[in-house]
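The next block holds one structure in the form of structure tokens; read it before the comments.
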Amino acid sequence: MGERMLRGAPAAPGLAVGRAWSREVASHESRLVASDGREREHARALAALAQAAEDLDALAAGLSEEQAEIVRTGALMAADPALSAAVTVAALEDGLPASDSILRATEAHAEEIAAIADETLAARADDIRSLGRRAARLAAPGASEGGEAPPQSPPPPSAILIAADLGPADVAELAGSLVGIALIGGGATAHAAILARSLGMPMVTGLGPDVLDVPAGALLLLDGDDGSLVVEPTAERARAATGAMQTRERERERDAADGARPAVTRDGRRVTVLANVASVAELEVGLRSGAEGIGLLRTELAFLDAAEWPTEAQHLEVLEPILQALGARPAMVRMLDFGADKCPPFLSGTDQRGLALLVSHEGAFVDQLRATLRCSRDRDVRLLLPMVDHPDELAAAQRLIEHTARALGVERLPAVGAMIETPAAVGAVRTLAAAADFLSIGTNDLTAEALGVDRFSVNDARAHDPAVLRLIALSVNAAHEAGIALEVCGEAASDPVMLPLLVGLDVDELSVGSARVADVRRWIRRLGLGEVSELAAIALEMAGADEVEAALAPLARRLQSGEGSDAVAEGVDRGGRILALGP
Ligand code: PEP
Ligand code: MG
């Protein structure tokens with residue numbers, strides 16, 4: 001059989017070459033239980049749920065605090081009274097055996113959540129299914145009365161797990177014995193993906209049902225960077241991937257030794273590289289890779305399941321450990337960016353987003369400001385305002401910040417930055433730059449808004465589009481005219497095609513996912529400002545994203561492989577045309 005490629009979405013970066021492996025899914029004979037046995041099955045089901053919660057707590061004890069918190073959400077779900085009520089109906093009224101009662105109740109709960117028009121919440125459905133499978137195993141007829149699950153065979157060496165979906169506890173449990181994870185469904189915001197990223201386990205989601213046809217033991221090449229899975233790759237492709245993995249490993253070791261070296265282009269342009277984080281675990285990965293601080297702290301991610309606006313104390317609880325781990329380095333703490341795909345249940349249905357939503361809920365905004373200002377004493381904390389659309393919103397926020405700081409007796413006001421994420425903000429960018437202390441472009445939203453596409457559509461939302469590049473160039477110029485720094489903190493900042501263009505457009509700071517910090521720092525050292533400035537000027541005039549990508553692809557390849565990086569300098573000819581840059 002020849003090689004076959006399946007396409008999904010990248011959920012945790014890295015390459016893996018290994019053998020396909022699936023866990024047996026607990027399958028139970030759906031016999032009905034006679035009325036005199038129903039109490040017993042009911043009690044067995046509830047005991048299995050309680051045991052699953054206990055096991056998850058024990059599993060969490062061996063993890064870092066941030067990872068443990070994710071795994072513990074499974075234990076909380078197991079204690080949800082609505083879930084026990086559904087199990088009771090299935091076991092006592094409908095006469096299902098214990099394990100089937102659990103599977104039916106968790107599946108119904110998962111389907112309800114999956115139907116919510118909110119990607120992040122919908123992703124929690126996988127966590128519930130995973131809990132259901134765990135508890136069902138414990139309640140299965142082979143399990144001991146003490147709640148010991150029937151033994152599961154461990155994965156063979158170099159296994160790549162293939163599954164329909166996965167919960168965070170499965171990732172935590174299997175991480176040490178797998179080399180990668182390939183899922184039918186799931187998404188990059190699922191807890192399982194967050195945990196895989198923090199544990200450095202390559203993961204691809206959304207591969208579709210075809211992935212289940214992959215025979216056990218088949219050789220696989222999983223690419224968590226581009227979201228693909230190659231089944232039975234040719235010997236040549238597998239060798240190249242193994243070589244790339246070894247190169248990365250060597251680079252990682254060198255990066256660790258090089259951590260303190262600044263990211264400077266070959267001709268001396270220094271670019272600050274910061275990390276996008278939402279947790280201590282992510283920050284630790286970023287700092288180990290040489291991040292110079294936090295360029296984007298996504299504070300809303302800690303509160304996506306919240307039942308109401310977070311209080312000052314809750315904000316402090318999330319912020320303090322992160323800022324403590326950061327030490328004296330700078331942190332751009334973004335104020336809550338709720339709305340659109342990041343909507344907790346209590347805001348469901350709102351059509352407001354980011355700063356507009358905060359300004360119209362002043363009390364909640366002040367709570368977050370108070371917490372942030374309180375933890376910012378003696379630290380380099382800067383405030384970042386999300387989805388700024390109009391200078392009036394920025395002015396209203398600044399008034400509130402000043403007022404809150406005065407009330408707290410904070411003498412030195414923190415720097416306040418405006419995120420540029422909409423064409424309207426770019427339209428007002430000179431006024432915004434004159435009023436703000438720094439600007440930060442969120443390329444994820446800016447690209448989607450400028451092109452009128454869904455930001456999660458990999459094929460449509462391409463920041464490489466010259467229309468987006470022009471908006472970035474306008475913003476950089478406005479910031480520099482106003483004498484302030486401009487940061488880019490969207491995914492584009494760590495894209496090997498975009499990176500040369502951003503450096504060429506004179507962006508001062510890049511903030512990227514923690515796992516990308518080392519790559520970005522290394523790529524910057526391979527660039528020359530002279531040639532990327534010319535490349536950027538040419539790209540601004542191109543007709544579309546395809547043309548930009550075709551022109552930059554050879555350079556992007558060389559950045560990633562590290563081969564012939566000196567030749568990159570010869571990429572632009574005297575007449576300003578891009579020469580064939582490779583391969
Ligand atoms: C962005 O839009 O590029 C950004 C960094 O913000 P978020 O992805 O959190 O919306
Ligand atoms: Mg955004």
Side-chain angles (χ1 to χ4, degrees), residues 3 5 7-10 13-17 202 204 221-230 233-252 254-255 263 265-267 271 273 443 458-459 462-466 469 491-505 510 512-513 515-536 538-539 542 544-573 577-583:
E3 70 172 15
M5 180 179 287
R7 285 238 156 255
L15 284 175
V17 176
V204 175
L221 163 54
L222 180 97
D223 187 334
D225 295 318
D226 77 354
S228 65
L229 179 76
V230 181
T234 59
E236 198 186 340
R237 195 193 288 272
R239 232 186 346 265
T242 307
M245 282 158 57
Q246 285 162 350
T247 306
R248 279 188 195 193
E249 193 45 45
R250 277 197 302 275
E251 283 180 337
R252 248 196 296 276
R254 213 176 47 210
D255 288 337
T265 62
R266 296 199 324 269
D267 41 3
V271 183
V273 181
T443 49
V458 185
N459 292 327
R462 289 187 293 173
H464 315 144
D465 198 300
L469 298 178
E491 293 304 306
S494 57
D495 174 300
V497 168
M498 274 301 276
L499 177 78
L501 298 174
L502 294 174
V503 175
L505 289 173
L510 298 168
V512 304
R516 283 299 212 171
V517 168
D519 288 340
V520 167
R521 288 165 55 80
R522 189 180 330 107
W523 296 345
I524 289 171
R525 292 199 197 104
R526 288 175 183 160
L527 294 175
L529 183 63
E531 79 261 6
V532 289
S533 303
E534 278 192 74
L535 276 172
I538 298 167
M542 285 184 167
D546 288 344
E547 200 180 339
V548 174
E549 281 165 24
L552 268 292
L555 170 51
R557 268 201 301 276
R558 285 183 186 174
L559 284 185
Q560 289 171 286
S561 68
E563 284 162 23
S565 52
D566 286 343
V568 170
E570 283 128 40
V572 178
D573 75 1
R577 278 182 310 107
I578 295 179
L579 289 175
L581 286 161

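Any value given below was found using the heavy atoms of this structure, including those in side chains, with hydrogens, waters and symmetry copies removed.
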To the nearest 0.5 Å, how far apart are [atom1] in [X] and [atom2] in [Y]?
X      : Y      : atom1 : atom2 : answer
Arg557 : Leu555 : CZ    : CG    : 10.0 Å
Leu222 : Ser228 : CG    : OG    : 7.5 Å
Asp223 : Leu229 : CG    : CG    : 10.0 Å

Are more than 12 heavy atoms from other residues, nucleotides or ligands located less than 6.0 Å from atom CD of Glu249? yes
Who passes side-chain hydrogen bond (donor to acceptor under 3.5 Å, both in side chains) against [X], sequence neighbours left out?
X      : answer
Asp225 : Arg248
Glu547 : none
Arg7   : none

Do [X] and [Y] come close enough that some side-chain heavy atom pair is under 4.5 Å?
X      : Y      : result
Met498 : Leu552 : no
Thr443 : Asp495 : no
Ile524 : Leu510 : yes
Arg239 : Thr242 : no
Val532 : Val503 : yes

Which atom of [X] lies closest to which atom of [Y], heavy atoms considered:
X      : Y      : result
Glu3   : Pro233 : OE1-CA, 3.3 Å
Ala263 : Val273 : CB-CG2, 4.0 Å
Leu469 : Ala463 : CD2-O, 3.8 Å
Gly544 : Pro466 : C-CD, 3.4 Å
Ala493 : Leu502 : CA-CD1, 3.7 Å
Leu499 : Trp523 : CD2-CB, 3.4 Å

So, are Arg516 and Asp519 salt-bridged, with charged N and O less than 4.0 Å apart? yes
Main-chain N/O of Arg526 paired with Arg266 side-chain donor or acceptor, under 3.5 Å: yes
